[in-house]
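Comments concern the structure below.
Computed from a prediction, not measured in an experiment: that's the story for all the values here. Start at 1 and go down the list; that is how both ligands and their atoms are numbered.
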Amino acid sequence: MAKFNNPGALQGLGVGQVAERAGVAVSTLHFYEEEGLIESWRNGGNHRRYGRDVLRRIAVIRVAQRAGVPLKEIAEALKSLPQGRTPNARDWGRLSARWKDELDARIAALTQLRDELTGCIGCGCLSLKACPLRNPGDQLAASGSGPLLLAAGDES
Ligand code: FES
């Protein structure tokens, strides 16, 4: 736990206040803190305090999670900002554009997977030669051209 870069008012927000305002469980805040996504400091009474900007930080984390961005990647993105600041509007614009591109790529991959799976419905062959899910990206392609499995006597 470290003192936050911009704790705002010296008193900061208590963990319950942050949980309520951000719409997350206290345990989620503790988890985010363990993962290095947010930071707090201890006040004189040894209670956790958070800067007000933690609310925006949590909003970014939640949206990124909804887009399927792994927590590790979110943490790296947040740490990449100058002095680990909370993303401002410009930062968020850049991060959200990058994550949108990644989401588009995942959607394309899942759409292809769905289409290939559709071809398996009612088939059941699970053939290394014929089933695109059994042999994604043609695993034998790197071994050379020609009937490699036939030459090896493989009937799968
Ligand atoms: S199971 Fe036959 S094509 Fe996938």
Side-chain angles (χ1 to χ4, degrees), residues 1-2 4-6 13 15-40 48 50-156:
M1 189 174 328
F4 203 66
N5 289 330
N6 181 19
L13 298 170
V15 68
Q17 291 174 300
V18 174
E20 183 180 339
R21 293 185 190 188
V24 299
V26 168
S27 59
T28 300
L29 295 178
H30 292 163
F31 176 69
Y32 286 167
E33 198 162 342
E34 287 167 13
E35 296 296 313
L37 294 157
I38 62 174
E39 293 181 344
S40 68
R48 256 180 238 265
Y50 295 88
R52 291 185 177 276
D53 63 335
V54 78
L55 298 173
R56 181 175 175 84
R57 215 171 162 83
I58 293 168
V60 167
I61 294 165
R62 300 299 283 180
V63 170
Q65 282 189 289
R66 284 199 66 204
V69 181
L71 275 183
K72 185 178 175 192
E73 192 174 321
I74 299 170
E76 286 171 5
L78 293 175
K79 283 178 188 163
S80 74
L81 297 173
Q83 288 91 44
R85 74 177 175 223
T86 291
N88 58 28
R90 190 175 182 160
D91 296 328
W92 172 238
R94 188 174 44 80
L95 290 175
S96 58
R98 186 173 92 198
W99 289 334
K100 178 195 171 292
D101 289 345
E102 292 172 7
L103 184 59
D104 285 343
R106 285 201 305 280
I107 288 170
L110 285 172
T111 300
Q112 180 181 346
L113 183 62
R114 181 204 58 201
D115 292 346
E116 291 171 351
L117 193 58
T118 299
C120 294
I121 295 173
C123 175
C125 72
L126 287 172
S127 166
L128 196 55
K129 288 177 273 188
C131 179
L133 292 179
R134 180 86 197 283
N135 189 11
D138 192 357
Q139 293 174 352
L140 287 177
S143 303
S145 60
L148 299 172
L149 293 178
L150 287 176
D154 188 334
E155 295 297 321
S156 62

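For Q65, the CD atom is densely surrounded, since the number of other residues' heavy atoms within 6.0 Å is greater than 12.
Taking all atoms of both residues into account, the shortest heavy-atom contact from L37 to R57 is O-NE, 2.7 Å. Residues R106 and V69 come closest through the heavy atom pair NH2-N, 4.3 Å. Nearest heavy atom pair, residue Y50 against residue L29, reads OH-CB, 4.3 Å.
For the atom pair SG of C131 and CG of L117, the computed distance is 8.5 Å after rounding to the nearest 0.5 Å.
Taking 2.8 Å as the limit, the number of protein N, O or S atoms around atom 2 (Fe) of ligand 1 is 2.
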Test log, rule side-chain contact (heavy atoms from CB on, under 4.5 Å), inputs L78 and I61: CA-CA 9 Å; L78 293 175; I61 294 165; 4.1 Å; yes
